[in-house]
Amino acid sequence: MKINVNSTEYTLNVPDNTSLLDALRVHLNLTGSKYGCGEGACGACKVLVDGRAVPSCITPVASVQHKSVVTIEGLEKDGKLHPLQQAFLDEDAFQCAYCSPGMIMAAVALKSRNPHPSRQEIIDAMQGNICRCCAYPRIINAISKA
Ligand code: FES
């Protein structure tokens, strides 16, 4: 099957029920998206599929054929971090940073549909992303300021 990731077309020879996360990490060596719960509950694996943040651990890779997938590796342009990546750095919005790629992808999706979300809208939109270090106040600040 063919999938488009970060504007590059890839051909994969994998079973249809392979998760998008495994396809990215194991087959394409794009290891920015993380495995947390494997059940769609923690958000560590979130990527954009046609602009929507989805948990790639429970998304079959076959379902993203003919769609556009963007991972954390695809945000940087011409050596410049995406404004949300920069804001996470500026606001020190992590401790262990395991959740950061999924957090940032969810925030990118939020900002693309609502460029100026209120603090409560950020909190509501980020419900599906868990930070075990509890860096939530700094994460919300970063998303707010980006
Ligand atoms: Fe996919 Fe937790 S690893 S949501």
Side-chain angles (χ1 to χ4, degrees), residues 1-76 81-89 91-115 117-146:
M1 72 183 76
K2 291 189 190 314
I3 64 170
N4 186 301
V5 182
N6 301 333
S7 303
T8 301
E9 198 82 21
Y10 294 96
T11 301
L12 289 174
N13 188 10
V14 296
D16 282 0
N17 64 353
T18 302
S19 73
L20 175 56
L21 182 61
D22 276 351
L24 294 170
R25 289 184 57 85
V26 178
H27 299 280
L28 301 182
N29 203 27
L30 293 168
T31 56
S33 309
K34 302 296 188 240
Y35 182 94
C37 64
E39 297 177 350
C42 76
C45 64
K46 279 189 178 171
V47 299
L48 301 185
V49 175
D50 284 351
R52 267 190 58 232
V54 302
S56 59
C57 67
I58 55 167
T59 302
V61 66
S63 72
V64 304
Q65 293 178 94
H66 314 296
K67 295 182 179 173
S68 165
V69 177
V70 179
T71 70
I72 191 78
E73 291 91 344
L75 293 186
E76 180 191 323
L81 293 178
H82 185 282
L84 272 157
Q85 291 175 305
Q86 190 61 55
F88 269 62
L89 276 178
E91 295 299 318
D92 199 17
F94 31 66
Q95 189 166 315
C96 81
Y98 196 81
C99 69
S100 302
M103 287 279 182
I104 291 171
M105 298 317 286
V108 168
L110 166 64
K111 289 274 189 161
S112 69
R113 62 177 190 274
N114 180 2
S118 67
R119 200 167 178 84
Q120 190 58 50
E121 286 171 328
I122 294 171
I123 291 168
D124 292 345
M126 301 302 288
Q127 287 294 321
N129 289 76
I130 294 171
C131 171
R132 283 177 37 167
C133 310
C134 289
Y136 295 113
R138 299 195 306 271
I139 290 167
I140 294 164
N141 285 346
I143 296 169
S144 186
K145 290 182 180 171

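All residue numbers refer to positions in the sequence shown, counting from 1. Scope of the values below: all heavy atoms of this structure, side chains included, with no hydrogens, waters or symmetry mates. Note that ligands are numbered from 1 as they come in the structure, with each ligand's atoms numbered from 1 the same way.
When the shell of 6.0 Å around CZ of Arg119 is examined, it contains more than 12 heavy atoms from other residues, nucleotides or ligands.
The angle subtended at atom 2 (Fe) of ligand 1 by SG of Cys42 and SG of Cys37 is 110°, given to the nearest 10°. Between the SG atom of Cys45 and the SG atom of Cys57, the angle centred on atom 1 (Fe) of ligand 1 amounts to 110° when rounded to 10°.
Residue Ala41 has at least one heavy-atom neighbour below 4.0 Å for each of these atoms of ligand 1: 4 (S). Close approach to Gly40 involves these atoms of ligand 1, each under 4.0 Å from a residue heavy atom: 4 (S).
Side-chain contact of Asn6 with Glu73: a donor-acceptor pair under 3.5 Å is absent, judged by distance alone.
Each of Val47, Leu30, Val54 was checked for a side chain to side chain contact (heavy atoms under 4.5 Å, CB included) with Val69, and the lone residue meeting it is Val47.
Checking side-chain atoms of Tyr35 against main-chain N and O of Cys57 turns up no donor-acceptor pair under 3.5 Å. With hydrogens and angles disregarded, no donor-acceptor distance shorter than 3.5 Å links the side chain of Asn129 to the backbone of Cys99.
Protein heavy atom in closest approach to atom 3 (S) of ligand 1: Gly36 N, 3.1 Å.
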